[in-house]
Structure formats: C-alpha cells, structure tokens
Amino acid sequence: MTSIASTFVLFVTLLQYFLVIGTLNFSVCNGDHGNKISTNNGDEHHGSSKHHGDNRDDDIHGLKMKNFYRKSCPNVDVEKIVESITWKNVGANPSLGAKLLRIHYHDCFVRGCDASLLLDPTTNEATQVEKEARPNLSLTGYEVIDEIKTRLEKECPETVSCADIVALAARDGVSFQFQKQMWNVPLGRRDGRVSLASEALTDLPSASSNITTLLRLFSRKGLDKVDLVALSGAHTIGIAHCGVISRRLFNFTGKGDTDPSIEPAYAEILKSKCTTNNKPSSGNIVEMDPNSSITFDNHYYINLNENKGAFQSDAALLTDSFSATLAKEFENGKTFLANFAKSMVNMGAMEVLTGKDQGEIRKQCRFVN
C-alpha cells in the first residue's frame, strides 16, 4: 500500500509539473505581459493578474498602436522615414543598433519616454541635464535622431515628437538585421521640458545592481520580472567600458579579488581585455556578448547560464528562481524575441506624456521650444 500511495503522489506531482511547464511556450505580440511568458507556440504562462493587451490594435497608456499620424501627416509615411534613415545608418555602422536601443532605455527610465535625455545643457541653467549624468556619458548615436527629426520637420513640421522618433529608431535599429519590423511601436508620445542629471543617477539601474534593486526599480516603473529578464537580453549587442566592471574583476570585496560568480576562464578573458601595461584600464572596452556583439540573438542567455554575464546585474538574474527559469527559457531564440518585443512595448509606454495638455512637440530634439 505504501508503494501504491507513493506512486500516486509521484504521478500527481508530475502531472502538476507538466501542466505548468506545458504553458511555457510563446508568440510575438505587441502588449504588456506582466509575469506572462510568450512562447513559440502561441501559448502563454500567466504569473500575475496584470492585464496584457495582445491585439495589434490595442492602445496602451494613451498611445495608439496604429495610424497615429495618419491625419496629422496624411501624405507622409512617418515610420518609413524613420526606418529608412535608421537602416541606412545601421547598415553603415552596425554598432548603432545597440546605441539607439540604449538611448531609448536610458530615456524611458527617467521621467518616462519623453525624450528628456536628448536635451542639451544651456548656458542659463545651473543644473545638469540627463546627458551629463555619469551613466549617460558614454551614450552616442544622437546624430541619427537629429537626422530623422530634420527630415520629418521638412515633411510634416511640428508634428512628430522626438520621443516617438527615439522609440521607432530603437525598434528599427534592432530590426535592420532581420529586414522586418520586430514589433509594433505605439505612437503619440509628447516631449518633456525637464531634464535633470540627478534623476538619472537615482532612476537608472546600474551594472552592479543586485536582484532586489533591479526588481524595485523595474516595479516602480510598472515592469515585472519577465520584462527585467527580457530587456536584459538587449545585452546581446553592444560593448561595455571596463570601468563599469573593473571592481567586479579586480577588487570585488576590497581584497583584490574577483567576483566568484563569474566563470573563471571568462573572468580571465575579461581581465586581459581590461588591462593595459599590467594595470586595470577603465577606458578599454569588451563585448557584452562575446563574439556576438552586433548580432541580436539568444546568445546572451546561453552565456549567462554558463556564468559568463559581464555585469553583476546580469549574474543577479540567476539569483532569483523565477528569473533564472526565464533566463533558461530564453535560450530559445523565438521565445526570447517574442518576449523582448512585448517588453519593449511595455517599456516604451512608461510614464508617457500624451494629449495637447502635456509636454510639447519640439522643433529640435536637443532644445525645448
């Protein structure tokens, strides 16, 4: 009887396991997902009560998923202009895809997606703008946004916001490799008038953040664990300056040691690349996704699960059971791309300014009107 009972318990346990795991498979969509994983077979795993709009026509936070500029720019294909200029530039310089993606991310986490990051300092302002904050000093690619804005001002003056341009250029920078739009970008953002470096210092997740800090910062913006793990996949393209990971490599606990969570051979590779004349060099650069830094793919997660994430914030994803499970799931390329698409829509709708009573449409992205 004991054997029969044990067998029955095992059967029930396995049945429950497969009922859960059987939902972890995904579809490319355009909505928010909370702790809901899109899978490559169109099913979804629901981990929260947050509503998720998967219909291509759904609006989100006051933004329109389709045809926002149809009436205001009736003879201009706004998205096509952004795409053509972005693809031209990324084709000539593949590293721009990561740079445009990073601009969008750094903009959205401070005051929402309002293009406040684009504002240049002015002589009559004593306070520093977001561009001047330490986490943003290495950002480049602004000239692509300027080129797009100049063209759109000629085609349809004072209508298309810099914030919408940033969101579209980020999508198109990633999409160039695939030669198709990888997600729909809801439009209708307006541009903010305030930009403060101090807010960038408090609101942007850092490369040294632990899982508790990451979840707090993401949750504060209305994003969840799926968003955190999916958006971390942006580290599949781009480079990092050694100064960002120097402590992790050379003085993790103040004793000249290395973070033990890094795979030892990978740590030695990073150390060699971040050393000049036998001394740590903060100005050197490393690929965030070794041998795949200009290809947007699932390689980041494969490396991560081998303890080869460059940042502490990467390794932190493996310290939470659910995010670690997601990191393993996202080794499937289709699963990752589908979730990344949804999370980009979610991030792009954070704290947006919409309607004529909020923000403005800048004539130049670097200055308020």
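Numbers for residues simply follow the sequence, beginning at 1.
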Q. Can D114 and R189 be said to form a salt bridge (charged side-chain N to carboxylate O under 4.0 Å, His left out), step by step?
A. CA-CA 7 Å; D114 68 345; R189 300 166 189 79; over 6 Å; no
Q: Test side chain to side chain donor-acceptor pair (under 3.5 Å) on D289 and S293 and set out the steps.
A: CA-CA 5 Å; D289 187 358; S293 63; over 6 Å; no
Q: Evaluate side-chain contact (heavy atoms from CB on, under 4.5 Å) for D227 paired with M347, printing each intermediate quantity in order.
A: CA-CA 8 Å; D227 295 312; M347 186 188 78; over 6 Å; no
Q) Going through the distances and angles, do E130 and S116 end up as a side chain to side chain donor-acceptor pair (under 3.5 Å)? A) CA-CA 7 Å; E130 289 174 40; S116 54; 2.5 Å; yes
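Residues V166 and L168 are not in side-chain contact: their nearest non-hydrogen atoms beyond the backbone lie 4.5 Å or more apart. Put simply, the side chain of K66 does not reach to within 4.5 Å of the side chain of K64, judged on heavy atoms. Within the 4.5 Å cutoff, no side-chain heavy atoms of N298 are placed close to those of T236. Annotation: side chain of R248 is in contact with side chain of Q312 (closest heavy-atom distance under 4.5 Å). Contact of the V226 side chain with the F322 side chain is registered, since non-hydrogen atoms from C-beta on lie closer than 4.5 Å. The shortest distance between side-chain heavy atoms of L223 and S343 does not fall below 4.5 Å. Residues L196 and T127 have side chains in contact (heavy-atom distance under 4.5 Å, counting atoms from C-beta outward). Side chains of K221 and L217 form no contact here, defined as non-hydrogen atoms less than 4.5 Å apart.
Around the CD atom of Q364, the shell of radius 6.0 Å holds no more than 12 heavy atoms that belong to other residues, nucleotides or ligands. By the neighbour-count criterion of 12 heavy atoms within 6.0 Å, atom CZ of R216 is densely surrounded, having more than that number from other residues, nucleotides or ligands. Within a 6.0 Å sphere centred on NZ of K273, other residues, nucleotides and ligands contribute 12 heavy atoms or fewer.
T276 and N284 form a side-chain donor-acceptor contact under 3.5 Å, judged by distance and modelled atom types alone. Counting only N and O atoms by type, the side chains of Y69 and D164 include a donor and acceptor under 3.5 Å apart. If you check the side chains of D172 and T86, you find no donor sitting under 3.5 Å from an acceptor. Looking at S195 and K131, their side chains never bring a donor and an acceptor atom within 3.5 Å of each other. For the 3.5 Å distance criterion, the side chains of N210 and T213 qualify, holding a donor opposite an acceptor. Side-chain contact, D297 with S292: a donor N or O sits under 3.5 Å from an acceptor N or O. A donor and an acceptor atom, one from each side chain of S272 and T275, are nowhere located under 3.5 Å apart.
Hydrophobic clustering (ILVMFWY, side-chain heavy atoms < 4.5 Å, transitive): L119 and I103 are in distinct clusters. Hydrophobic clustering (side-chain heavy atoms under 4.5 Å, transitive across Ile, Leu, Val, Met, Phe, Trp, Tyr) keeps L139 apart from I285. I302 and F340 fall into different hydrophobic clusters, defined by Ile, Leu, Val, Met, Phe, Trp and Tyr side-chain heavy atoms under 4.5 Å apart, directly or through other members. Under a hydrophobic clustering in which Ile, Leu, Val, Met, Phe, Trp and Tyr are joined whenever their side-chain heavy atoms come within less than 4.5 Å, directly or via other members, L137 and I145 fall into different clusters. When the side chains of ILVMFWY residues are joined at heavy-atom separations under 4.5 Å, either directly or via intervening members, L228 and L204 end up in a single hydrophobic cluster.
Between S246 and P280 the shortest heavy-atom distance is OG-CB, 4.2 Å. G254 and D257 get closest at one heavy-atom pair: N-OD1, 4.0 Å. The two residues P157 and E155 make their nearest non-hydrogen contact at CD-C, 4.0 Å. Between C242 and S281, the closest heavy-atom pair is CB-O, 3.2 Å.
For Y300 and F336, the ring centers sit 6.0 Å or farther from each other. Centroid-to-centroid, the aromatic rings of F218 and F109 come within less than 6.0 Å.
Under a 4.0 Å N-O distance rule, the pair D146/R366 qualifies as a salt bridge. No salt bridge links E147 with R151; every basic N to acidic carboxylate O contact stays at or beyond 4.0 Å. The residues D203 and R220 are annotated as salt-bridged, a charged nitrogen and a carboxylate oxygen being separated by less than 4.0 angstrom. Of the charged side-chain nitrogens involved, none lies within less than 4.0 Å of a carboxylate oxygen, so that E351 and R111 do not count as a salt-bridged pair. Using a 4.0 Å cut-off between a side-chain N of Lys or Arg and a carboxylate O of Asp or Glu, E79 and R171 qualify as a salt bridge. Using a 4.0 Å cut-off between a side-chain N of Lys or Arg and a carboxylate O of Asp or Glu, E360 and R193 qualify as a salt bridge.
Residue I294 shares its hydrophobic cluster (ILVMFWY side chains chained together at separations under 4.5 Å) with no other residue. Grouping Ile, Leu, Val, Met, Phe, Trp and Tyr residues whose side-chain heavy atoms lie under 4.5 Å apart, directly or via other members, places L249 in a hydrophobic cluster with V244, I245, F250, I262, Y266, L270, V286, M288, F311.
Partner of L63 under the side-chain contact (heavy atoms from CB on, under 4.5 Å) criterion, out of L187, V185, T354: T354 alone.
The OG1 atom of T325 sits 12.0 Å away from atom CG of L317, with the distance rounded to the nearest 0.5 Å. Taking CE of M344 as the reference point, atom OH of Y105 lies at 11.0 Å (rounded to 0.5 Å). Summarising the geometry, atom NZ belonging to K88 is positioned 11.0 Å from atom CG belonging to L96; distances are rounded to the nearest 0.5 Å.
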